[in-house]
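The block underneath contains the structure these notes are about, expressed in structure tokens.
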There are 2 protein chains.
Amino acid sequence: MAQVQILSRNQQIVLDIIEKAKGPLKAYSILFNVQKKGINAPQQIYRALDKLIEMGKIHKIESKNAFVACRSSDCEISKATAFSICESCEMVDEISDTKLSKYLSGFNHKKGMKFKRFNLEFFGICKKCKKD
Amino acid sequence: MAQVQILSRNQQIVLDIIEKAKGPLKAYSILFNVQKKGINAPQQIYRALDKLIEMGKIHKIESKNAFVACRSSDCEISKATAFSICESCEMVDEISDTKLSKYLSGFNHKKGMKFKRFNLEFFGICKKCKKD
DNA sequence: ATAACAAACGTTATATTATAACACAATGTT
DNA sequence: AACATTGTGTTATAATATAACGTTTGTTAT
């Protein structure tokens, strides 16, 4: 019953910043940006980030230790994430491609391990950077 | 002409440890393990790790900040990596599946970005852990 | 309404992961 | 010989993340 998630104060503040951002944000850069709102400690950021990830509102880009808002499905808990990352400008795009997602969700390891979740990161140079 | 790579002293020491390990190793755990061999500083480890990655001898498991030896193709420069990770015992297995690799290497983003490289991490509970 | 519990908060301290910067040595190239 | 390239060793510090504690707020059940 797709219940509307109510966010706590800190969670909302952190989510707002990530959603407004044009690219991935790092935890400490979020922290510096919210100090005026009375959030002073890394713990407060990391706690909010953890919950937001659990809820599927944001994703962590593992190769960058940075966080982006979820733009694809209206934020189901994300068990299948894929991103396109520009190695020049650091831009990150969430890839939501049903075929890809189905293909990978159905992928089974020879050794009999059943997968619950995957994360895929593609790297390259984005169109914009290629022009320069 | 698949030239045999000659490793420097530190690179060889670090590679040996990673190859002997049963699971992924973290940089500082490598450091502690090689202090008897006269390596004292994180820089020395990270420098060796960087080169070994460039050479395709090892891979970084991004979600764990840890390193594993390359077991698949006899270590071409790795542009297409996939791993299966047990969330219980932390075991990591490199997946070398030609179909998967081809499928992903051929994948093209709508937005016209050409990918040079990808990294895929699957998560689940391995067979061994399921028994317990 | 209030007791009981869970979730979120604030804070201090600390652990873990990674890089900067500098000087020197070994090797290879021209 | 002069020069570039790669690797080394070292000290210092930056950046990322968690532990542990006590308090406050929000929910649910009676």
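Quantities reported herein were computed from a predicted structural model and do not represent experimental measurements.
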Between Ser29(B) (side chain only) and Leu25(B) (backbone N and O only), is there a donor and an acceptor less than 3.5 Å apart? no

At under 4.0 Å between heavy atoms, what does Gln11(B) touch on the DNA or RNA strands: base, sugar-phosphate, or nothing? sugar-phosphate

Using a strict heavy-atom distance below 4.0 Å, which residues from residues 20-30 of chain B are in contact with DNA chain C? Lys26(B), Tyr28(B)

Phe122(A) and Leu104(B) have their tightest heavy-atom pair at CE2-O, 3.5 Å

What is the minimum heavy-atom distance between Phe67(B) and Ile18(B), and which atoms define it? O-CG2, 4.0 Å

side-chain hydrogen bond (donor to acceptor under 3.5 Å, both in side chains) between Thr81(A) and Asn119(A), intermediate numbers included: CA-CA 5 Å; Thr81(A) 48; Asn119(A) 180 56; 2.8 Å; yes

Minimum-distance pair of heavy atoms, taken over all atoms of Ala69(A) and Glu19(A): CB-CG, 3.7 Å

Between dT6(D) atom C1' and Ile6(B) atom CD1, what is the distance in whole Å? 14 Å

Can you measure Leu49(B) atom CG to dT17(C) atom P for me and round it to whole angstrom units? 12 Å

Distance (rounded to the nearest 0.5 Å) between Leu31(B) CG and Tyr46(B) OH: 9.0 Å

When the rotation axes relating C1' atoms of four end pairs to the next four are compared across the helix from dA1(C)-dT30(D) to dT30(C)-dA1(D), five pairs an end, they differ to 10° by 50°

Linking I/L/V/M/F/W/Y whenever their side-chain heavy atoms sit closer than 4.5 Å, directly or via other members, would Phe118(B) and Val92(A) fall into one cluster? no

Any side-chain N or O of Gln44(B) less than 4.0 Å from the OP1 or OP2 oxygen of dG9(D)? yes

Would you say Ile39(A) ends up clustered with Leu49(A) if hydrophobic residues are merged whenever their side chains have heavy atoms under 4.5 Å apart, either directly or through other cluster members? yes

Starting from P on dT16(C), measure out to CG on Leu31(B) and report it in whole angstrom. 13 Å

Residues Lys64(A), Glu121(A): salt bridge by 4.0 Å N-O rule: no

Ignoring hydrogens and geometry, is there a side-chain-to-backbone donor-acceptor pair from Glu94(A) to Arg71(A) under 3.5 Å? yes

Rounded to whole angstroms, how far apart are CD1 on Ile13(B) and P on dG7(D)? 14 Å

What is the distance, to the nearest angstrom, from the CZ atom on Arg47(A) to the P atom on dC21(D)? 14 Å

Between P of dT16(C) and NZ of Lys64(B), the distance in whole Å: 15 Å

Under 4.0 angstrom between Asn10(A) side-chain N/O and dG10(C) OP1 or OP2: yes

Using atom CZ of Arg9(B) as one end and atom P of dA25(C) as the other, report the distance to the nearest whole Å. 17 Å

Look at the side-chain N and O atoms of Ser8(A) and state whether any lies under 4.0 Å from the OP1 or OP2 oxygen of dG26(D). no

Regarding dA19(D), can its base be found pairing with the side chain of Gln43(A) as donor and acceptor, where the two atoms are less than 3.5 Å apart? yes

Taking OP1 and OP2 of dA7(C), is either one under 4.0 Å from a side-chain nitrogen or oxygen of Lys51(A)? no

Side chain of Asn65(A), heavy atoms from C-beta onward: which of dT8(D), dT11(D), dT16(D) has the nearest atom to it? dT16(D)

Quick one: is Lys60(A) getting a side-chain N or O under 4.0 Å of the dA17(D) phosphate, OP1 or OP2? yes

Return the value, rounded to whole Å, for the distance between atom OH of Tyr46(A) and atom C1' of dT14(C). 14 Å

